[in-house]
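A short worksheet on the structure shown next.
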Amino acid sequence: MSDRSVDVAIIGAGPAGLMLAHLLRREGLSTVNVDSRLEEKIRRTHRAGILEHGSVEMLSHEDLNSRVLSEGHRHDGIDLRFGGQSHRVDFQALVGESVWLYPQNELFHDLATAAHRHGMDVRYNVTEARPMDIESDSPGVYFVDEGGTPHEIRSRYVVGADGSRSVCRASIPEGLRRHYVSEYPFAWFGILTEAPPSAPELIYARSPHGFALISQRSADVQRMYFQCDPETDPNSWSEEDIWAELQKRVEGPDGLRLKTGPIFDKTVLKFRSFVCDPMHHEHLFLAGDAAHTVPPTGAKGLNLALADVRVLAPALAAAVRDEDERLLADYSDTALARVWKAQNFSYWMTGMLHQEPDENEFNAARRLGELRAVVDSQHGKAFLAEQYTGWPDTPASAV
């Protein structure tokens, strides 16, 4: 039943899995990606839309033909809005960097299209995908293709980029992995609307009514969120009530008015912080949501996944080509150094901007003081700007 052998077998063909395969292709390594989803379903999944400068550099490689620079939108800052007033954090002036608005489904389209163009082996719509024999010298992946035929593909290494419900993560013995989890008592009510942008850059708003994020997707489609109870039924809200709630949370003396339009998607996004440590075991390595998730407030989830594979790819190449596993041995520590910085930033932004259930007057006033301490200080704004736009990779020796 064994089909063939490759250098690296990757479970997951989302952005992290495909980007890793492209990086390894450039290094001359052979790969296979398997994913339980239909390719078209991934293309239509609307998720994160903010890319750090390091992620944009990865996408801008000439062999991907990505549209990130031609169709993405460079954002040089964000607005923190509280007390009915907006306070701009100017990334370019503070740290000389920017972020790009480029929806994840468009990023996936670029990577998947490039995979077809380069003749890469990507199998969608499979079932029962799982790693095999990761503690042996001949690991691999097992899966059943969409026609019902079982397959085993052997490899030198296996990578789990299979999302937050990862089957690969479960292959690390429980006694050897530790899970760090933080739950949040609120969620985001998200909408997609056919409307022009309400602002040139993202607005992060804290109000007595709760948090709101005014984001974008394109010139004609906008993404907006407001804080809600995790058990909220999105279908119980009318369009009129949604727009009234969003407007209430950005109201201020400057007369900011949201641009409205038909709402064609409503969802409640529950979130938590999660880290699996370590991110590898024997010949298995985890990347992206398989190893960690963050609340979306800091726009770190997709960027962390791309940062993982940026570290993992050269380590795998050195191991396969040169029989040198030193970088692989350091992979988990190197990746986790960045992951924990991102966890801290996401937790800080979430706590500072959201309203806790039954929040008392002292804590509400203290959070406003925290926001004021950030926007009134060049150093405070620079700290936020550096965190938001991304850090350089940290070698394990510096951890």
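Although no hydrogens or angles enter the test, the distance criterion places no donor-acceptor pair under 3.5 Å between the side chain of Arg169 and the main chain of Asp162. At distances below 3.5 Å, at least one donor-acceptor pair connects side-chain atoms of Ser236 with backbone N or O atoms of Asp233. Remark: the backbone N or O of Asp330 is paired with a side-chain donor or acceptor of Thr334 at under 3.5 angstrom. Glu194 places no side-chain N or O within 3.5 Å of a backbone atom of Val221 that could act as its donor or acceptor partner. Formation of a donor-acceptor pair under 3.5 Å by the Arg37 side chain with backbone atoms of Val126 is not found in this model.
Classification of the Tyr124-His116 ring pair by plane angle, with boundaries at 30° and 60°, yields tilted. Between Phe271 and Tyr184, the ring planes lie tilted relative to each other; the angle falls in the 30° to 60° range. Ring-plane geometry between Trp188 and Tyr225 is classed as tilted, the angle between the planes lying from 30 to 60 degrees on a 0 to 90 degree scale. Ring-plane geometry between Phe345 and Trp391 is classed as perpendicular, the angle between the planes exceeding 60 degrees on a 0 to 90 degree scale with a lower cut at 30.
In this model, a donor atom of one side chain and an acceptor atom of the other lie less than 3.5 Å apart for Ser98 and Gln92. Judged by distance alone, the side chains of His87 and Asp79 never bring a donor and an acceptor atom under 3.5 Å apart. Side-chain contact check for Arg249 and His209: no donor-acceptor pair (N or O, by modelled atom type) lies under 3.5 Å. Side-chain polar atoms of Trp340 and His292 form no donor-acceptor pair below 3.5 angstrom. Residues Tyr157 and Glu282 have side chains that never bring a donor and an acceptor to within less than 3.5 angstrom of each other. Using modelled atom types, one finds no donor on one side chain facing an acceptor on the other under 3.5 Å when comparing Ser164 with Asp289. Side-chain contact, Asp229 with Thr232: no donor N or O sits under 3.5 Å from an acceptor N or O.
Closest approach of Phe91 to Leu384, counting heavy atoms only: CE2-CD2, 4.5 Å. The heavy-atom pair separating Asp133 from Ser138 by the smallest distance is CB-O, 3.9 Å. Shown here for Leu29 and Ala317, the closest heavy-atom pair between the two residues is CD2-CA, 4.0 Å. In plain terms, the two heavy atoms of Leu286 and Cys276 that are nearest each other are CD1-SG, 4.2 Å. Annotation for Glu251 and Leu256: closest pair OE2-O, 4.4 Å, computed over non-hydrogen atoms. Arg338 and Gly390 get closest at one heavy-atom pair: NH2-CA, 4.2 Å.
Using a 4.5 Å heavy-atom threshold, the side chains of His281 and Leu176 count as touching. Taking 4.5 Å as the limit, some side-chain heavy atom of His118 sits within range of a side-chain heavy atom of Arg25. Taking the side chain as every heavy atom from C-beta outward, Val268 and Cys228 approach each other to under 4.5 Å. Within the 4.5 Å cutoff, side-chain heavy atoms of Pro296 are placed close to those of Leu269. Within the 4.5 Å cutoff, the side chain of Leu111 has heavy atoms near those of the Met19 side chain. The shortest side-chain heavy-atom distance between Thr193 and Phe264 does not fall under the 4.5 Å cut-off. Between His109 and Arg67 there is a side-chain heavy-atom pair separated by less than 4.5 Å. Contact of the Val181 side chain with the Ser273 side chain is not registered, since no non-hydrogen atoms from C-beta on lie closer than 4.5 Å.
Between Met279 atom CE and Leu284 atom CG the span is 10.5 Å, to the nearest 0.5 Å. To the nearest 0.5 angstrom, Arg178 atom CZ is 8.5 Å from Asp277 atom CG.
Checked against a 6.0 Å centroid threshold, the rings of His151 and Tyr142 do not count as neighbours. Two rings, from His354 and Phe186, have their centers less than 6.0 Å apart.
In this structure, Lys300 is not positioned above the aromatic face of Trp348 in the sense of NZ or CZ being under 6.0 Å from the six-membered ring centre and within 45° of the axis.
Residues satisfying the salt bridge (charged side-chain N to carboxylate O under 4.0 Å, His left out) test with Arg123, not counting sequence neighbours, are Asp121. Applying the ring pair (Phe, Tyr, Trp, His ring centres under 6.0 Å) test to Trp243 and every residue at least two apart in sequence or in another chain returns nothing. Partners of Arg165 by salt bridge (charged side-chain N to carboxylate O under 4.0 Å, His left out), not counting sequence neighbours: none found.
The existence of a salt bridge linking Glu152 and Arg154 is confirmed by a sub-4.0 Å separation between a basic side-chain nitrogen and an acidic carboxylate oxygen. Glu245 and Lys248 are joined by a salt bridge, as a carboxylate oxygen and a charged side-chain nitrogen come within less than 4.0 angstrom of each other. Ion pairing between a basic and an acidic side chain is recognised when a charged N comes within 4.0 Å of a carboxylate O; Lys270 and Glu231 show such pairing.
Applying the 6.0 Å contact sphere to CZ of Arg44 captures no more than 12 heavy atoms from other residues, nucleotides or ligands.
With Leu20 as the fixed residue, the side-chain contact (heavy atoms from CB on, under 4.5 Å) test singles out one of Val309, Leu306, Thr31: Val309. Here the rule is side-chain contact (heavy atoms from CB on, under 4.5 Å) with Tyr388, and of Val95, Val89, Ile50, Leu94 only Ile50 fits it. Checking Ser166, Ser36, Cys168 one by one against Ile11, the side-chain contact (heavy atoms from CB on, under 4.5 Å) holds for a single residue, Cys168.
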